[in-house]
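The chains referred to below are lettered A, B, ... by the order of the sequence lines, with proteins before strands, and numbering in each begins at 1. This is a predicted model, so every value here is computed, not measured.
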Number of protein chains: 2
Amino acid sequence: MKLSSQAQAFVLHFGEMGSRWGFNRTVGQMFALLTIHSEPVNADQLAEALKISRGNVSMGLKELQAWRLIELHHQPGDRKDYFTAAGSIWDLARTVFEERRKRELDPTLTLLRQLLLTEPGDEQEAEAQKKIQEVYSLLEMLDQFANTLSKLDEKDLLKLMKLGSGLSKLLELKSRATGAAGKAGAKKAPARK
Amino acid sequence: MKLSSQAQAFVLHFGEMGSRWGFNRTVGQMFALLTIHSEPVNADQLAEALKISRGNVSMGLKELQAWRLIELHHQPGDRKDYFTAAGSIWDLARTVFEERRKRELDPTLTLLRQLLLTEPGDEQEAEAQKKIQEVYSLLEMLDQFANTLSKLDEKDLLKLMKLGSGLSKLLELKSRATGAAGKAGAKKAPARK
DNA sequence: TACAATTTTCAGAAATTTCTGAAAGTTAAG
DNA sequence: CTTAACTTTCAGAAATTTCTGAAAATTGTA
């Protein structure tokens with residue numbers, strides 16, 4: 001499989017960015033290749049195109065499957081496994097988003113919840129507890145928001161993201177429309193310092 | 001400086017999560033410690049509390065300053081540099097969010113923009129170009145949305161994140177309020193179910 | 001200026017992650 | 001059942017990242 005210089009650049013870049021997005025270089029490259037290549041690709045082709053070992057490809061494919069980013073296909077009369085990116089670019093973005101939320105937020109929320117159960121022993125600890133509570137509240141809210149976004153359908157998500165400065169206007173509109181009482185959890189707005 | 005077992009757990013966890021959030025273990029630990037400890041802390045105290053070398057602390061502080069996550073202070077009559085987390089938890093979250101956007105999105109947008117400039121040579125390349133365009137559009141939109149969120153003040157951000165399922169209702173409301181013509185790109189509002 | 005306190009730097013050591021490739025495992029076809 | 005095609009595994013090698021600590025640089029004071 002020959003890659004155009006354009007495809008080459010795309011693939012190499014996703015390899016480099018890979019670590020920032022949660023996977024290693026070759027996994028990033030494999031994903032990029034499957035993304036720009038619309039035809040299904042098999043493991044040998046990936047190894048050849050990316051100049052990496054067959055074993056590494058096998059491990060990378062396993063990881064991409066764990067991320068639910070690729071799909072297995074079969075070609076009639078060919079025993080090899082073929083892969084494509086799973087779904088549209090939009091689907092992929094959604095999957096990466098959800099997967100990252102799970103990996104970056106959930107474990108921390110679990111720990112903080114646990115830390116908040118033990119009563120502080122002294123003044124110093126009470127102070128720390130307060131900070132932990134603040135971090136927890138923020139991350140919990142973030143997590144819920146991410147969850148809300150995940151549930152929006154493509155049309156609404158698009159609408160929301162395109163709002164730009166219209167967003168704050170819309171939020172204002174909301175206050176007027178529904179009054180001061182928001183949804184559950186939005187109790188009392190304490191006077192700002 | 002002695003850490004309570006609670007603080008200890010908090011610090012260790014942020015060390016482990018650090019890599020997922022874009023910095024290494026000790027930098028994560030240092031940040032966590034500065035976050036739960038309200039009093040300014042100097043480099044020697046950090047090295048002692050975290051059991052890491054003085055040199056490592058120096059490098060870590062440099063990195064946290066690059067992230068704009070910590071602030072330098074001085075105590076009268078003491079030549080040492082003291083540090084605290086910069087601003088409220090809320091400020092910190094905002095900073096991390098912006099910094100990550102810069103690191104995770106900007107370089108890719110720049111590359112893709114460049115790739116889209118060259119005309120595809122053959123059918124295969126045209127196909128790839130189309131995919132690159134899709135990825136670009138999505139990331140560009142994400143970037144703009146992130147930018148919009150960054151600009152919201154705390155009150156609006158809080159309101160937005162607490163909306164929950166109210167969000168899609170609000171978006172619907174928006175369609176009705178402003179009619180079919182949304183912002184650029186948000187063409188045709190199909191009849192509601 | 002000289003000096004002592006403090007921070008930074010950076011070469012090499014240590015730790016961690018990634019990658020290879022040969023061997024083991026699996027599966028479909030004959 | 002046997003074989004050949006294919007995939008997975010995993011021990012060790014290679015690459016990369018992180019960390020240490022001693023030396024160099026910087027800074028405030030006298």
Under 4.0 Å from OP1 or OP2 of D:dT18: is there any side-chain N or O of B:T26 that close? no
Quick note, B:D78 side chain, CB onward, closest among C:dT6, C:dC19, D:dC6 is C:dT6
Nearest nucleotide by nearest heavy atom, which residue falls closer to the 5' end of DNA chain C, A:F23 or A:R54? A:F23
Write down the distance between CD (A:Q45) and P (D:dT7), rounded to a whole number of angstrom. 11 Å
May I ask you to check whether over 12 heavy atoms, not counting those of B:R101, lie within 6.0 Å of atom CZ? yes
Nucleotide C:dA14, atom C1' - distance to CD1 of B:I52 in whole Å: 15 Å
Residues in contact with DNA chain D, drawn from residues 57-77 of chain A - heavy-atom cutoff 4.0 Å: A:S58, A:M59, A:K62
Would you say the side-chain atoms of B:T108 and B:D106 include a donor-acceptor pair closer than 3.5 Å? no
Separation of D:dT8 atom C1' from A:K80 atom NZ, nearest Å, is 16 Å
For nucleotides 22-30 of chain C, which of its nitrogen or oxygen atoms have a protein nitrogen or oxygen under 3.5 Å away, and what is each distance?
{"residue": "C:dT27", "atom": "O2", "partner": "A:R79", "partner atom": "NH2", "Å": "2.7"}

For residues A:S150 and A:N147, is any side-chain donor paired with an opposing acceptor at under 3.5 Å? no
A:M30 CE to C:dT18 P: how many Å, rounded? 14 Å
Only one of A:H74, A:H73, A:Q75 passes side chain to side chain donor-acceptor pair (under 3.5 Å) with A:D81, and that residue is A:H74
Nearest-Å distance for atom pair CD/C1', residues B:E48 and D:dT20: 17 Å
Side chains of A:D122 and A:E125: does their closest heavy-atom pair fall under 4.5 Å? yes
Report the nucleotide, chosen from C:dT16, D:dG21, C:dT7, that has the shortest atom-to-atom distance to any side-chain atom of B:R25. C:dT16
Evaluate the side-chain proximity of B:F83 to B:V41: yes if any heavy-atom separation is below 4.5 Å, no if none is. no
Please classify the nucleic acid contact of B:D44 as base, sugar-phosphate, or nothing, using heavy-atom distances under 4.0 Å. nothing
Rounded to the Å, how far apart are B:N56 CG and D:dT20 C1'? 8 Å
Tell me the interatomic distance from B:R20, atom CZ, to C:dT16, atom P, rounded to whole angstroms. 16 Å
A:N24 CG to C:dT17 P: how many Å, rounded? 11 Å
Taking A:E127 first and then A:K131, would you say they form a salt bridge - that is, a charged N and a carboxylate O separated by under 4.0 Å? no
Pair A:E99 + A:R68: basic N to acidic O under 4.0 Å: yes
For A:N42, which contact category applies under a 4.0 Å heavy-atom criterion: base, sugar-phosphate, or nothing? nothing
Within the supplied structure, the quantity of interest is the number of heavy atoms (other residues, nucleotides, ligands) at a distance under 6.0 Å from A:E104 CD; does it exceed 12? yes
